[in-house]
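Report on one structure; see the data block that follows.
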Amino acid sequence: MLIASIAIYYFSANFRRNDFYNLLRSRAVSVAKLVLDSYEYNANLILRSGTGYPAKLPDEKFIILNYHNDTLFTSDRYWELKEMDAIVGQVKSNKEVFGKQDEYEVLGTSHTTGAYPFVVIGAAIDKDGLLHLKKLRIILVAVCLISLISFFIAGWFYSGRALKPISDVVKKVEEISITSLNLRVPEGNGVDEIGRLARTFNRMLERMETSFAMQKNFIANASHELRTPLTSINGQLEVLMMKDRSTDEYKSALGSVLEDIKSLIDLSNRLLLIARTSAEGPANYSNKIRIDEILWQTREEMKRFHASYHINISLDNSLTDSEQMIVAGDEHLLKTAVTNIIENACKYSHDHTVDIKFRRADKWVEMVFDDRGIGISEEDIKKIFEPFYRGTNAISIPGIGIGLSLVNQIVKNHNGTINISSKVGKGTRITLLIPAIT
Ligand code: ADP
């Protein structure tokens with residue numbers, strides 16, 4: 001606004017000056033003609049009467065000289081023109097002179113009548129022009145001030161409105177704590193940047209809420225699973241100590257207590273493993289592991305404890321070199337994963353049989369575990385990797401529901417993938433893909 005106002009004022013002032021000099025020039029030339037064509041007395045009369053064209057200018061004064069510097073005419077003998085010699089000199093060397101002396105605009109120009117050149121000097125006050133300029137100055141200053149005040153008020157108002165959604169989000173975020181993760185920040189129109197930011201924030205809160213809920217569940221389930229064998233041990237020992245028992249009774253009770261202790265140890269081992277693998281996340285393992293060896297070893301170990309289990313391993317014909325079966329990983333973790341899958345396949349099928357196919361698929365080592373067991377419903381498959389989740393098919397079969405979540409975590413840590421497809425009553429297929437080294 002300020003720059004525009006200055007430009008407007010500057011061009012208007014220029015325009016006024018040029019315009020006035022044009023008028024003054026025309027007027028000076030017409031006065032020169034009048035004077036040089038008539039007697040001085042007549043000329044003064046005519047001048048005073050204001051006739052002629054262009055019309056009389058405010059406070060106009062004229063001096064006419066010949067080129068010998070003799071003053072031929074002066075409209076006001078009391079007028080003291082400053083620097084007259086310099087003006088006359090310049091006009092004689094063919095230059096027009098413009099300038100300001102006090103409030104007078106002064107113009108010096110040459111005029112030729114017959115064959116004789118004359119110097120004509122005119123001066124007048126541009127009362128109207130200066131008045132207009134003054135009014136323009138006042139208007140521009142007023143407009144600038146009013147605009148400044150309105151911009152300030154509008155800026156204050158609109159920036160407050162524009163930033164309100166952000167301050168709303170900030171206020172809401174400050175209210176959110178671990179115990180109030182269900183709160184959400186206002187999404188506004190949900191379209192602009194703030195809306196998108198709020199939506200992203202809400203999605204993050206959703207994820208946090210879910211993982212907090214999962215953690216709470218995990219702790220509740222873990223304590224429950226730990227308490228069950230402990231309560232059973234406690235009960236058995238209390239009953240045992242009520243009276244004296246025979247050696248056989250002691251032996252059988254202690255055997256049962258031992259079973260409970262073993263399952264407690266197994267559970268705490270698994271819980272520790274889940275905690276460790278989740279904390280580690282996907283890792284860069286440096287150990288080279290031959291997956292086929294893991295499978296063979298697992299098979300031997302499992303057959304020692306479960307003679308009824310049938311574990312059939314077949315290698316794909318494409319596997320010609322043992323190097324093709326090497327992955328980078330943690331031997332203990334990989335063995336745990338494979339053991340859990342094989343154990344489930346045998347546990348959840350009447351023939352206790354699992355067929356394992358082992359092959360190389362592009363950059364992956366692929367293991368497919370097939371059983372002809374009870375199968376898993378689609379609903380259960382969606383939740384099967386959640387810790388302590390047990391399928392509806394598993395109610396009468398012992399287990400605690402952390403095997404597959406452990407497998408899933410181990411596979412993730414090895415940057416691999418796990419896929420489950422199943423048909424209830426027909427069987428289950430679990431496919432593991434682990435990136436190969438070569
Ligand atoms: P658990 O076997 O101790 O219950 P898991 O985490 O190993 O726990 O398995 C979770 C659930 O997945 C099981 O309760 C069962 O419902 C289902 N499941 C896993 N593997 C199989 C399988 N091969 N056949 C049928 N159901 C299975």
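All ligand and atom numbering here is 1-based and tracks the order in the structure.
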All salt bridge (Lys or Arg N to Asp or Glu O under 4.0 Å) counterparts of Asp351, not counting sequence neighbours: Arg372

List ligand 1's nitrogen or oxygen atoms that come under 3.5 Å of a protein nitrogen or oxygen, with the partner atom and distance.
from	atom 1	to	atom 2	distance (Å)
ligand 1	2 (O)	Asn344	OD1	3.2
ligand 1	2 (O)	Lys347	NZ	3.1
ligand 1	2 (O)	Tyr348	OH	2.7
ligand 1	3 (O)	Ile400	N	2.9
ligand 1	3 (O)	Gly401	N	3.0
ligand 1	4 (O)	Tyr348	OH	3.1
ligand 1	4 (O)	Arg390	NE	2.6
ligand 1	4 (O)	Arg390	NH2	3.0
ligand 1	6 (O)	Gly403	N	3.1
ligand 1	6 (O)	Leu404	N	2.7
ligand 1	7 (O)	Asn344	OD1	3.3
ligand 1	7 (O)	Asn344	ND2	2.7
ligand 1	7 (O)	Leu404	N	3.4
ligand 1	8 (O)	Gly401	N	3.3
ligand 1	14 (O)	Tyr348	OH	3.4
ligand 1	14 (O)	Gly391	N	3.2
ligand 1	16 (O)	Gly391	N	3.0
ligand 1	16 (O)	Asn393	OD1	2.6
ligand 1	20 (N)	Asn344	ND2	3.4
ligand 1	23 (N)	Asp371	OD2	3.0
ligand 1	24 (N)	Thr428	OG1	3.4
ligand 1	26 (N)	Asn393	ND2	3.1

For Glu238, check salt bridge (Lys or Arg N to Asp or Glu O under 4.0 Å) against everything at least two apart and list the hits. none

Hey, which of Arg27, Lys134, Arg16 is the one that makes salt bridge (charged side-chain N to carboxylate O under 4.0 Å, His left out) with Asp126? Arg16

Do Ile420 and Phe385 touch side chain to side chain, with heavy atoms closer than 4.5 Å? yes

Scan residues 202-222 for pairs that pass salt bridge (charged side-chain N to carboxylate O under 4.0 Å, His left out), counting only residues two or more places apart or in two chains. Arg184-Glu209

Check: Ile63 and Trp79 side chains under 4.5 Å, non-hydrogen atoms: yes

